[in-house]
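Have a look at the structure below before the remarks.
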Amino acid sequence: MAVISLDNPVVQSYIVYSAILALKLLFLSPLTGMTRMARGVFANPEDVQSFKKGKVKFDDPAVERIRRAHLNDLENIPAFWVLGALYLTTNPVASWATLLFRVYTAGRVLHTIVYAVKPLPQPSRAIAFFIPFVIMVYMGVQVVLYYITAL
Ligand SMILES: N[C@@H](CCC(=O)N[C@@H](CS)C(=O)NCC(=O)O)C(=O)O
């Protein structure tokens, strides 16, 4: 039986990397806001009125790029929180699970950098997306295999 306790280093590792990912996800909101301000492009007329500058515009390339990065995080990071937590219950080897959480987090941070902060040519974004994606699939399969025998 897996020991799910806050004293368990794998659980602590999951908590740390989950929090880093949440902070990274949150970071994209102020980045969007700052980019809107810098470029004078807003999503609502009341924003234009309140800042007394710029215009309503929905296709600014820089803002849309950050919004796509944000959406991509939302398509991926919540699945990590779920699958990572379930994976903990399968009694993984601590060093292996920690490595997976670490590489996942590094991949998602790199995805944000090469997509939204300092755009780089492909395949940099594809790699930064794909490695964390494979880790999630791996964890999900491990969870299913671990519990399916009990059904
Ligand atoms: N919703 C994604 C699904 C595929 C995906 O996540 N691809 C990665 C690697 S190419 C990506 O960064 N897509 C860009 C995006 O989601 O805006 C899309 O429309 O591209």
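Because only heavy atoms are used, hydrogens play no part in the values below, and waters and symmetry mates are left out as well, while side chains stay in. When a ligand or atom number is given, it counts from 1 through the structure's own listing order.
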Using a cut-off of under 3.5 Å, which N/O atoms of ligand 1 pair up with protein N/O atoms, and what distance separates each pair?
{"residue": "ligand 1", "atom": "1 (N)", "partner": "E75", "partner atom": "OE1", "Å": "2.9"}
{"residue": "ligand 1", "atom": "1 (N)", "partner": "E75", "partner atom": "OE2", "Å": "3.2"}
{"residue": "ligand 1", "atom": "6 (O)", "partner": "N72", "partner atom": "ND2", "Å": "2.8"}
{"residue": "ligand 1", "atom": "12 (O)", "partner": "H111", "partner atom": "NE2", "Å": "2.8"}
{"residue": "ligand 1", "atom": "12 (O)", "partner": "R125", "partner atom": "NH1", "Å": "3.3"}
{"residue": "ligand 1", "atom": "16 (O)", "partner": "N72", "partner atom": "ND2", "Å": "2.8"}
{"residue": "ligand 1", "atom": "17 (O)", "partner": "Y115", "partner atom": "OH", "Å": "2.7"}

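- Side-chain contact between Y104 and V134 is absent, with no heavy atoms from C-beta onward closer than 4.5 Å.
- Checking Y147 against T90 by side-chain atom types alone, no donor-acceptor pair falls below 3.5 Å.
- Side-chain atoms of R68 and Y115 include a donor-acceptor pair closer than 3.5 Å.
- Taking a 6.0 Å sphere around CZ of F133, one finds it holds 12 or fewer heavy atoms contributed by other residues, nucleotides or ligands.
- With Q142 contributing its side chain and Y146 its backbone, the two residues share no donor-acceptor pair below 3.5 Å.
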Show, in sequence, the C-alpha distance, side-chain angles and deciding distance for N72 and R67, and conclude whether the side chain to side chain donor-acceptor pair (under 3.5 Å) test is met. CA-CA 9 Å; N72 196 275; R67 280 163 55 81; over 6 Å; no

